[in-house]
Amino acid sequence: EYGAASELDPASLIWEDERHYRVHTRAYTDQAVFDAEMERIFARVWVFVGHDSEIPNPGDYKTAYIGTQPVIVTRADDGAVHVLVNRCVHRGAVIAREARGTVRDFTCPYHGWVFALDGKLLAVSERNDSGGYAPDFDVPEGLHRVPRVDSYRGLIFACLDPDAVDLDTYLGRAKKTIDRKFGRSPVGRIAVRGKPFVMRYQGNWKFQVENIVDAYHFLHTHKGFVALQAKYGETTGDYGAHKGGSAKAMRQVRFKGSSWALRHGHAQLENSGTANPDELLSGPHREYYEALRDIHGPDEFPFVVGRMSGTIFPNLGLIHQQIRTWRPIAPDVTEVTIYLYDLVDAPKEFNDGWMRSQERFYGPAGHGMADDVDIFARNQQGLAGSAVEWLLLERGLQTDEKLANGDTKGLPASEAPQRALWQAWKQLMAQR
Ligand code: FES
Ligand code: FE
């Protein structure tokens with residue numbers, strides 16, 4: 001039995017040798033594990049907090065979380081982005097509660113202290129009134145600033161650990177995932193569209209990390225969707241660039257590329273198999289695709305337009321034409337936020353088409369998201385008992401190719417991406 005988080009031995013929760021890769025049930029269910037994850041993972045690594053296009057102008061802000069820690073991401077008057085701990089220095093009230101907004105400054109709703117966009121304390125309300133503060137009252141500087149803030153291609157990350165490696169090193173090859181995703185815009189930029197879609201599920205946060213790069217589940221978890229698509233032939237977007245309409249076409253949904261386990265827990269499903277570049281170059285958006293081919297060159301082009309999804313550990317997913325982030329609330333409660341985005345300067349009908357395609361799969365009216373969160377809840381339910389201890393993550397273990405730079409390349413539906421998560425998890429959790 002584990003007691004406090006400090007007594008936890010994470011190595012005992014992963015069983016790994018030549019032929020085995022197993023994860024202990026408790027890694028998903030135990031409160032002590034969850035507490036340790038907040039301290040040893042979320043407080044130590046770069047965490048995704050937002051995209052530039054959400055806060056384009058001075059005064060714009062958005063709220064986010066670093067693990068269970070609420071933060072505010074602001075754009076100050078000089079254009080600089082700050083990530084502030086969303087907690088009043090007086091008695092701790094959350095300062096900003098809206099998902100997004102525009103302000104001149106922040107007034108705490110509890111006793112009215114006022115803070116600037118960079119967190120500086122501007123005013124202590126009723127400071128000199130009777131019963132107020134002594135003249136030598138030690139005025140706090142302001143909201144706590146998250147010490148490290150950096151961005152890559154508009155994606156804003158923050159890190160609570162001043163000694164962490166720089167963002168560039170942390171992202172490593174995962175930058176390629178981002179480059180290819182955003183490279184579908186002729187100018188290499190995306191713009192978040194409207195407000196995000198937020199939902200919660202009754203399961204551990206790591207199910208979402210694993211599932212975004214799980215090529216194995218698609219035809220099974222989403223078989224109802226697959227059958228519908230096969231019947232009505234609406235195979236668009238990521239789920240088949242070909243004109244479908246048959247079971248055979250839908251079988252092409254099977255991944256043909258490769259799976260990647262990258263350093264620092266990032267992972268990627270890379271596939272140039274579904275989108276046939278020649279077909280795209282003679283299809284309805286020909287000029288747009290030609291421009292992309294010229295920008296990226298013929299070798300890179302199939303990867304840019306091919307179906308691809310990736311996770312940036314611990315809380316960012318890039319899939320379809322969306323940014324997805326999730327936050328752990330409890331061992332068995334997770335909140336997922338989905339931002340749909342437009343590819344800047346791509347044809348309007350093209351962007352609109354992707355939106356429609358995502359509506360069919362995600363969101364309240366979609367098939368896919370409902371399938372997935374039902375599975376996450378089932379997983380958590382299945383793990384509630386203690387009769388069986390271990391889970392198997394061994395698919396592809398024999399065929400994975402370990403590269404010299406520390407990355408691993410696997411067959412399309414290898415569980416290498418899931419093992420990437422657990423490798424990073426184990427390493428981080430071992431550090432006190
Ligand atoms: Fe914010 Fe008192 S808690 S002003
Ligand atoms: Fe799914």
Side-chain angles (χ1 to χ4, degrees), residues 63 70 72 84-97 103 105-116 119-129 131-133 137-144 197 199 201 203-229 237-240 250 253-255 259 267-269 271 274 307-311 317-322 324 326 334 336 338 357-363 365-379 412-413 415 417-418 421:
T63 52
I72 319 175
L84 311 168
V85 170
N86 193 357
R87 167 202 155 119
C88 183
V89 288
H90 179 218
R91 300 251 292 274
V94 157
I95 302 275
R97 249 192 322 203
V103 290
D105 43 43
F106 295 102
T107 301
C108 176
Y110 200 175
H111 311 94
W113 289 22
V114 183
F115 301 89
K120 199 165 166 283
L121 177 57
L122 296 176
V124 173
S125 59
E126 303 175 48
R127 179 172 171 181
N128 303 315
D129 287 12
Y133 292 96
F137 165 54
D138 203 355
V139 185
E141 218 176 280
L143 302 177
H144 179 80
F197 167 61
M199 61 161 311
Y201 65 81
N204 192 267
W205 65 278
K206 297 185 290 300
F207 292 140
Q208 175 66 95
V209 189
E210 293 174 327
N211 188 66
I212 279 220
V213 279
D214 187 317
Y216 192 14
H217 85 294
F218 190 85
L219 287 176
H220 307 283
T221 302
H222 305 300
K223 63 173 178 281
F225 174 79
V226 170
L228 263 181
Q229 293 290 84
D238 254 9
Y239 302 117
M250 284 315 293
V253 160
R254 274 190 201 285
F255 284 77
S259 60
Q268 183 183 305
L269 292 179
N271 172 49
T274 315
R307 182 180 57 209
M308 192 175 60
S309 63
T311 48
L318 295 172
I319 188 168
H320 220 129
Q321 199 165 306
Q322 63 177 250
R324 187 183 300 196
W326 45 87
T334 305
V336 180
I338 295 178
S357 152
Q358 304 205 81
E359 280 161 6
R360 280 199 292 278
F361 201 71
Y362 307 100
H367 300 69
M369 195 75 202
D371 294 339
D372 285 327
V373 299
D374 179 53
I375 289 291
F376 299 160
R378 276 185 194 228
N379 279 355
E415 279 164 345
Q418 289 71 32
L421 148 75

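Order of listing sets the numbers, starting from 1, for every ligand and every atom in it. The residues of the chain are indexed from 1 along the displayed sequence.
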Distance under 4.0 Å to a non-hydrogen atom of [X]: what atoms of ligand 1 satisfy this?
| X | answer |
| --- | --- |
| Cys88 | 1 (Fe), 3 (S), 4 (S) |
| Trp113 | 4 (S) |
| Cys108 | 1 (Fe), 3 (S), 4 (S) |

Atom name of the N, O or S atom in His222 that lies nearest to the Fe ion (ligand 2)
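Of all N, O or S atoms belonging to His222, NE2 is the one nearest the Fe ion (ligand 2).
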Nearest protein heavy atom with distance in Å, relative to atom 3 (S) of ligand 1:
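Ranked first by proximity to atom 3 (S) of ligand 1 is Arg91 N, 3.3 Å.
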Taking the N/O/S atoms of His90 one by one, which is nearest to atom 2 (Fe) of ligand 1?
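In His90, the N, O or S atom with the shortest distance to atom 2 (Fe) of ligand 1 is ND1.
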Which atom, among the N/O/S set of His111, is closest to atom 2 (Fe) of ligand 1?
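Answer by atom name: ND1.
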Look at atom CZ of Arg97 and say whether more than 12 heavy atoms of other residues, nucleotides or ligands are closer to it than 6.0 Å.
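Count not over threshold, so no.
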Establish, from distance only, whether the side-chain atoms of Asp371 and His217 form a donor-acceptor pair under 3.5 Å.
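No - no donor-acceptor pair under 3.5 Å links their side chains.
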Stepwise side-chain contact (heavy atoms from CB on, under 4.5 Å) test for His367 and His222
CA-CA 8 Å; His367 300 69; His222 305 300; over 6 Å; no
Approximate separation, where rounding is to 0.5 Å, of His90 NE2 and His111 NE2
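It is 5.0 Å, given to the nearest 0.5 Å.
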As an exercise, state the distance from CD of Gln418 to CG of Leu421, rounded to the nearest 0.5 Å.
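These two atoms lie 8.0 Å from each other.
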Metal proximity, Asp372 vs the Fe ion (ligand 2), N/O/S cut-off 2.8 Å
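Asp372 does place an N, O or S atom closer than 2.8 Å to the Fe ion (ligand 2).
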Less than 4.5 Å apart, side chain to side chain, heavy atoms only: is that true for Arg87 and His144?
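The answer is no, as the side chains (C-beta and beyond) never meet within the 4.5 Å cut-off.
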